[in-house]
2 protein chains.
Amino acid sequence: MSVAIENFVKAIYKNNMHDIKDTKPGNIAKKLGISNAAATDMAKKLAAKELLNYEKYQELQLTEKGTKMALNVIRKHRLWEALLFKMFDMSLHDIHREAELLEHQTSDLLAEKISEYLGHPKFDPHGDPIPNALGEITTKNTSISLSEAKEGQTYMISRLMSDDKEFFEFCAQNQIKYRNTLTVSKQFVNNKMTQILIGSNTIVLNEDFTKIIYVDEN
Amino acid sequence: MSVAIENFVKAIYKNNMHDIKDTKPGNIAKKLGISNAAATDMAKKLAAKELLNYEKYQELQLTEKGTKMALNVIRKHRLWEALLFKMFDMSLHDIHREAELLEHQTSDLLAEKISEYLGHPKFDPHGDPIPNALGEITTKNTSISLSEAKEGQTYMISRLMSDDKEFFEFCAQNQIKYRNTLTVSKQFVNNKMTQILIGSNTIVLNEDFTKIIYVDEN
DNA sequence: AATTATTTTTAAGTATACTTAAATATTTTA
DNA sequence: TAAAATATTTAAGTATACTTAAAAATAATT
């Protein structure tokens, strides 16, 4: 299966996971940076391959086969991120960019070798879960977003759910890193902002960021 | 530049290095598993991109730009081989197959990180030289092929110049490995065969193999 | 509910990287 | 050196993954 197909299936999977947005060709097209027409075309093509169910004007739904494919690609992506992060001094955004390409050129055998080498990790450096070779995911449902966190409470960062370069640059500059701890010093409820204490810094984050930083009680 | 272009340029480079065969579209086509017509097409296309010089019915010659591109891809291939070989228990042929795909999806930055991690190695696990970031190669001109080796002399294996699966399976089964030592016990000059002592085994190799196994005096 | 706006789909067209078949040139060999 | 064999090139055609523009359907707004 081609890179275009793998990316399409992955985009649908992620859209169904993270967003409330409906999974129609237009939304997928926007994520992939292609035209709506191209997305409709691809949807039909993948329906013929039994990777998804397609009916005109309806939402796209991955079949079990399509879901397996998406999880396999995501597994490889996150294993690469974990490996590159461990071995090399590279930013979260850089390892994401490399993994985005490497994920499509990695045999199941190599993925397994990487997983083994890392001790079969369940999470990547963003805190995103790594599916196992069967496509099974360990979910961590104790995590909450910073926007829901309690004032005065100390938390451990469990997930940075983004692939925006600027966000990761901000993270790198402010010790916002998977498994670091922070304390919520103030919730500005009306302004939807959150003030945190991390290391020796006090930072005020707006909702754009507090909704994608997930934490666990410590 | 596309994978097809990188592979084309790489095939020309290798053809000019290793073989006496003339570098015409047909030979390149054979190596890449495409039709002669496709190779002629590509040659014209790459000439327009100034990656090679093309004149009807003449040999294909890489320009400096084309050579740089080939060396950059080869560098990434061999760095991946060195990394995978060091980290994982995989056969020489398997790491070759993975590297063949990964080489096209590796940024210069990542290549440099891999090189750094490995201590900027000059040779990969086949003994093939790894070009540096500028495309410079350290050549080792003291090596000779086993077919030219002296009876009674002990050598160190310096290069296994092949990408044939069966050859590498044979190597794996017989301790024929980069930097292992062997002794030439007999040269069967008329039959073009060579008998070697490696570990506790005695093996007779025909010319197909003795021409691609390179050794250094010890 | 009707109009407007937005999305989706269809249709026609493009670039890349191939293919096969036929024409042309080169190379081999007798 | 002329004929035969081989290689290269040209021409026409295909699949993939897109594009833009227009038509059709759905969703939003008044």
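Because the structure is predicted, anything quoted here is derived from the model rather than measured. Each chain gets a letter, A, B and so on, in the order its sequence line appears, and its residues count up from 1.
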Participant: Measure the spacing between CD of Q61(A) and CG of L52(A) and express it to the nearest 0.5 Å.
Facilitator: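 Between atom CD of Q61(A) and atom CG of L52(A) there are 9.5 Å.
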
Participant: So, is K49(A) close to the dT16(D) phosphate, meaning a side-chain N or O under 4.0 Å from OP1 or OP2?
Facilitator: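 It does not, given that no N or O in the side chain of K49(A) lies less than 4.0 Å from OP1 or OP2 of dT16(D).
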
Participant: To the nearest Å, give me how far apart NZ (K24(B)) and P (dA25(C)) are.
Facilitator: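 Going from K24(B) (NZ) to dA25(C) (P), I get 15 Å.
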
Participant: dC18(D) P sits how many Å from L46(A) CG, rounded?
Facilitator: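 Taking CG of L46(A) and P of dC18(D), I get 11 Å after rounding.
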
Participant: Can you tell me if CD on E50(B) sees more than 12 non-hydrogen neighbours from other groups inside 6.0 Å?
Facilitator: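 12 or below, so no.
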
Participant: Is the distance from OP1 or OP2 of dT10(D) to the nearest side-chain N or O of K44(B) less than 4.0 Å?
Facilitator: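 Checking K44(B) against dT10(D): at least one side-chain N or O falls below 4.0 Å of OP1 or OP2.
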
Participant: Please report the distance, rounded to the nearest Å, between CG in N7(A) and C1' in dC18(D).
Facilitator: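 About 14 Å, once rounded to whole Å.
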
Participant: Enumerate the residues from residues 50-61 of chain A whose closest heavy atom to DNA chain C is under 4.0 Å, giving them by residue number; use none for an empty result.
Facilitator: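 Going residue by residue through residues 50-61 of chain A, the ones with a heavy atom under 4.0 Å of DNA chain C turn out to be Y54(A), K56(A), Y57(A).
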
Participant: Take atom NZ of K65(B) as the centre, draw a 6.0 Å sphere, and report whether it contains more than 12 heavy atoms from other residues, nucleotides or ligands.
Facilitator: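 Yes.
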
Participant: Looking at residues 33-43 of chain B, who's got a heavy atom less than 4.0 Å off DNA chain C?
Facilitator: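 Hits under 4.0 Å, by residue number: G33(B), I34(B), S35(B), A37(B), A38(B), D41(B).
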
Participant: Check the pair S145(A), E148(A) against side-chain hydrogen bond (donor to acceptor under 3.5 Å, both in side chains), reporting the backbone distance first and the verdict last.
Facilitator: CA-CA 6 Å; S145(A) 76; E148(A) 307 163 287; 3.1 Å; yes

Participant: Just the rounded figure in Å: distance from P of dA15(C) to CD1 of I5(B).
Facilitator: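 That distance rounds to 15 Å.
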
Participant: Between atom CE in M1(B) and atom P in dA15(C), what is the gap in whole Å?
Facilitator: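 About 17 Å, once rounded to whole Å.
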
Participant: Can you tell me how far CG of L60(A) sits from CG of D22(A), rounded to the nearest 0.5 angstrom?
Facilitator: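 Rounded to the nearest 0.5 Å, the CG-CG separation comes out at 9.5 Å.
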
Participant: Atom CG in L134(A), atom NZ in K68(A): separation rounded to 0.5 Å?
Facilitator: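 With rounding to 0.5 Å, CG (L134(A)) is 7.5 Å from NZ (K68(A)).
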
Participant: Has D128(A) got a side-chain atom pairing as donor or acceptor with D124(A)'s backbone, closer than 3.5 angstrom?
Facilitator: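 Not a single qualifying donor-acceptor pair exists.
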
Participant: Does atom CG (N191(A)) have a neighbourhood of more than 12 heavy atoms from anything else shown, all under 6.0 Å?
Facilitator: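 Yes, the 6.0 Å shell around CG holds more than 12 heavy atoms from other groups.
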
